[in-house]
Amino acid sequence: MSIVAERLKRIKPSPTLAVSSKAKELKAAGRDVIGLGAGEPDFDTPNFVKSAAKLAIDNGETKYTAVDGTPELKDAIIAKFKRDNDLEYTRDQITVGTGGKQVLFNALMASVNPGDEVIIPAPYWVSYPDMTLIAEGTPVIVECSKDNNFKMTAKELEAAITPKTKWLIFNSPSNPTGGTYTYDEIKALTNVLIRHPHVYIMSDDMYEHLVYDGFEFATPAQVEPVLKDRTLTCNGVSKSYAMTGWRLGYAGGPKELIKAMAKIQGQSTSNPSSISQAAALEALNGDQSFLAERNDAFAQRRDMVVERINATQGLECFKPEGAFYVYASCAGAVGKTTPDGKIIETDEDFVTYLLESEGIAAVHGEAFGMSPYFRISYATSTQNLTEACTRIQRACDALK
Ligand SMILES: Cc1ncc(COP(=O)(O)O)c(C=O)c1O
């Protein structure tokens, strides 16, 4: 009999982490690989944040803290929610965890009963369905049309709701598409949810600050205050502040849920690193002007990648207004034959071909619940991206 629990059979390892480690492995073996799989900024953590962490170490802030965050960090998060989102929370409505991932995981573990349904618009961030399955819930995947830039409509949401629905997981800007919901688009969804008082909203705002072309970010609890008591507004410092390795995420939501999440954290990891909490406090309270500079760089890279992809035979994509991803269709490559005589049947075949022929590591659309697509992360240097686009173009031109 296997040592591995039955519950693990329901889930798969994170495909995005798998692509990153495959790219690293090939690089270590001497291959010239350009990684477009990673979901992390290539920029470094800002110096003022690093200094706060060093100071925390020197000041002896090296002990256990309150399980779900220090009062000081909670106050900084409360101030952030007020400043950026016009949302008012008290300390007992705030939780802090080891990355945005842990916060989402805790929320599902704390709230989902066996058979509860969790609505997940596709394409989705890879972990939502698997986290739901670990929590013994049922993911209800709703495929969102490319014609609407992969965003869920009110009609689609309405049709997916059943008496068993517990959550809608909402993510804007989106990983993997970079798509962003406007205030009015969110309002259309919240209007539906008002009519279904048993449904909660988990809003994953991880890419809040990574928006371009003057796009104005909004989050459901802000758009529809009536739903605030049914909304968990999740965020973190990983992406906006280039702090992926520090592992620090947070959320604001109903007290009962926040308390239940702390119970899980208290019996698993306890508090997130005291040093990371001190750093996050500084990130949230400090000068935010570096964000605009970095966003300019991201927007320029995005423009270049979108233009080059749309100029490549068999590929196409829309221009997203957020995050640092492009979700490109490879429908025009499917059915074609590689120079080695292999037929590209799926988007996974396509990304495998890119990796083997040109050393380009990207993630196939099937991992995000919608095919045939592939995700490019443009959180890497312009030089790398230019070379990557040339190689992708060459690979596509070589298909017959
Ligand atoms: C949409 C989305 N939510 C949450 C996370 C988790 O972020 P963290 O690194 O803080 O756990 C990610 C990271 O890739 C993400 O893309």
Side-chain angles (χ1 to χ4, degrees), residues 13-21 35-43 45 49 68-69 73 77 80 95-109 118 120-132 139 144 150-152 167-181 201-211 217 219-220 232-251 261 265 268-269 272-273 276-277 279-280 283-284 298 320 322-327 362-363 367-370 375-380:
S14 162
T16 43
L17 295 183
V19 169
S20 298
S21 64
L36 305 178
E40 64 182 347
D42 53 321
F43 296 118
T45 303
V49 175
D68 65 351
L73 178 54
I77 293 166
K80 177 261 172 266
T95 189
V96 184
T98 301
K101 209 175 218 175
Q102 187 184 27
V103 171
L104 297 164
F105 186 81
N106 285 346
L108 291 168
M109 289 298 282
V118 176
I120 303 172
Y124 47 71
W125 181 48
V126 290
S127 293
Y128 301 144
D130 290 292
M131 284 181 179
T132 302
C144 301
F150 307 104
K151 288 183 278 187
M152 182 185 244
W167 287 101
L168 161 68
I169 302 188
F170 175 82
N171 174 220
S172 167
S174 148
N175 177 2
T177 70
T180 43
Y181 286 71
I201 309 136
M202 197 175 295
S203 183
D204 182 351
D205 300 354
M206 187 54 78
Y207 296 88
E208 167 178 15
H209 294 298
L210 300 170
V211 289
F217 172 86
T219 189
L232 185 71
T233 304
C234 305
N235 212 318
V237 294
S238 298
K239 314 288 175 169
S240 307
Y241 298 94
M243 291 175 70
T244 45
W246 299 74
R247 312 307 304 129
L248 204 294
Y250 59 86
M261 288 166 70
Q265 195 157 294
S268 51
T269 59
S273 150
S276 297
Q277 290 190 69
L284 295 178
F298 278 136
F324 38 63
Y325 307 107
V326 165
Y327 201 60
V363 187
F368 306 101
M370 201 182 275
R375 188 192 75 173
I376 292 174
S377 163
Y378 56 84
T380 184

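Everything numeric in this text was worked out from a predicted model, so none of it was measured. Read the numbers this way: they start at 1 and go in the same order the structure lists the ligands and their atoms.
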Does ligand 1 have an atom under 4.0 Å from some heavy atom of [X]?
X      : result
Thr244 : no
Tyr128 : yes
Lys239 : yes
Glu40  : no

Student check: side-chain heavy atoms of [X] and [Y] closer than 4.5 Å:
X      : Y      : answer
Thr95  : Asn106 : no
Gln102 : Ser268 : yes
Phe170 : Met152 : no

Any side-chain donor-acceptor pair under 3.5 Å between Gln265 and Asp68?
-> no

Would you please say whether a donor-acceptor pair under 3.5 Å links the side chains of Thr219 and Thr233?
-> no

For ligand 1, find out whether one of its N or O atoms is nearer than 3.5 Å to an N or O atom of [X].
X      : value
Tyr325 : no
Leu104 : no
Asn171 : no
Gln102 : no

Nearest protein heavy atom to [atom], by residue and atom, and its distance?
atom                   : result
atom 2 (C) of ligand 1 : Asp204 OD2, 3.4 Å
atom 7 (O) of ligand 1 : Met206 CE, 3.5 Å
atom 9 (O) of ligand 1 : Arg247 NH1, 2.8 Å

Number the atoms of ligand 1 from 1 as they appear, then name those within less than 4.0 Å of a heavy atom of [X], with their elements.
X      : answer
Ser238 : 8 (P), 9 (O), 10 (O)
Gly99  : 10 (O), 11 (O)
Gly100 : 8 (P), 10 (O), 11 (O)

Check step by step if side-chain contact (heavy atoms from CB on, under 4.5 Å) holds for Val49 and Met243.
-> CA-CA 9 Å; Val49 175; Met243 291 175 70; 3.7 Å; yes

Per side-chain contact (heavy atoms from CB on, under 4.5 Å), Tyr128 is matched among Asn171, Leu108, Val118 by Asn171

Heavy-atom distance to atom 6 (C) of ligand 1: which of Phe324, Tyr250, Trp125, Phe105 wins?
-> Trp125

Measure across Pro173 and Leu210 and return the closest heavy-atom pair with its distance rounded to 0.1 Å.
-> CG-O, 4.0 Å

Hey, can you tell me if Phe324 and Tyr378 have their rings parallel, tilted or perpendicular (30° and 60° cut-offs)?
-> perpendicular

Decide if the gap between the ring center of Tyr325 and the ring center of Tyr207 is smaller than 6.0 angstrom.
-> yes

